Amino acid sequence: MAQRLALRRLLSLTPRTLPPQGPLAPRAPPGRAFGTSAGCRSTFNVQDGSDFQDRVVNNPKPVVVDFHAQWCGPCKILGPRLEKMVAKQEGKVLMAKVDIDDHTDLAIEYEVSAVPTVLAMKNGDVVDKFVGIKDEDQLEAFLKKLIGA
């Protein structure tokens, strides 16, 4: 009984009421429960059409667009593999993730008929594309062609 009560108290605590981790421990700003690494910043989820326009089409950097779906098995294999390869490029290229179930309009606009579909975009134009799973060597070649390395 005492364990249940202690667990309830622990679970009811909000991040602001938890004791600090030490006197010199940095505190996260409100609304930022976790930090990000350079690899995470190069990959982002598209929120809506205007977000896609701002962060993909109008981006001065090349952007890889991963059209995927939660129910797609091959997408679950390709996604992390592609994120890893984009992170290796150290900010030379970004990766936008578009869930086709949430953003059907974007999938139709970019003629996505199967997932995973990956587009390479530069200056707002689609310059390359592939459908399906690729191994790391093929992904590296795809990215190097996009960034011109």
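Just so we're clear, the structure is a prediction, and the values are computed from it rather than from any experiment.
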Side-chain polar contacts of residues 116-134 - donor-acceptor pairs under 3.5 angstrom, sequence neighbours left out - could you list them?
from, atom 1, to, atom 2, distance (Å)
T117, OG1, A114, O, 2.4
K122, NZ, L146, O, 2.7
D128, OD2, K145, NZ, 3.4

Heavy-atom closest pair (L143 atom, V86 atom, distance to 0.1 Å) is CD1-N, 3.9 Å
Taking E109's backbone N and O only, do any of them form a donor-acceptor pair with E111's side chain (distance below 3.5 Å, no angle check)? no
For residues 93-108, the side-chain hydrogen bond (donor to acceptor under 3.5 Å, both in side chains) pairs (sequence neighbours left out) are W71-D101, E83-K97
Run the side-chain donor-acceptor check on residues 55-69: report pairs under 3.5 Å with partners two or more places apart or on a different chain.
from, atom 1, to, atom 2, distance (Å)
N58, ND2, Q53, O, 3.3
N59, OD1, K61, N, 3.0
N59, ND2, R55, O, 2.9
K61, NZ, G91, O, 2.7
H68, ND1, D66, O, 3.3
H68, ND1, V98, O, 3.3

Review point. Would you say the side-chain atoms of K76 pair up with the backbone N or O of Q70, donor to acceptor, closer than 3.5 Å?
Key: yes
Contacts of E136 meeting side-chain hydrogen bond (donor to acceptor under 3.5 Å, both in side chains) (sequence neighbours excluded), chain-then-number -> K84
For S113, the side-chain hydrogen bond (donor to acceptor under 3.5 Å, both in side chains) test, sequence neighbours excluded, returns none
Worksheet item: Does one hydrophobic cluster hold both L82 and I77, with members joined at side-chain heavy-atom distances below 4.5 Å?
Response: no
Fill in: Heavy-atom side-chain contact between M95 and V93 under 4.5 Å
no
NZ of K92 to OG of S42, rounded to nearest 0.5 Å, is 13.0 Å
F44-F52 aromatic ring centre distance below 6.0 Å:
no
Residues passing the side-chain hydrogen bond (donor to acceptor under 3.5 Å, both in side chains) test with D48, sequence neighbours excluded, are S50
* To do: Without swapping roles, check the side chain of Q138 against the backbone of D135 for a donor-acceptor pair under 3.5 Å.
  => yes
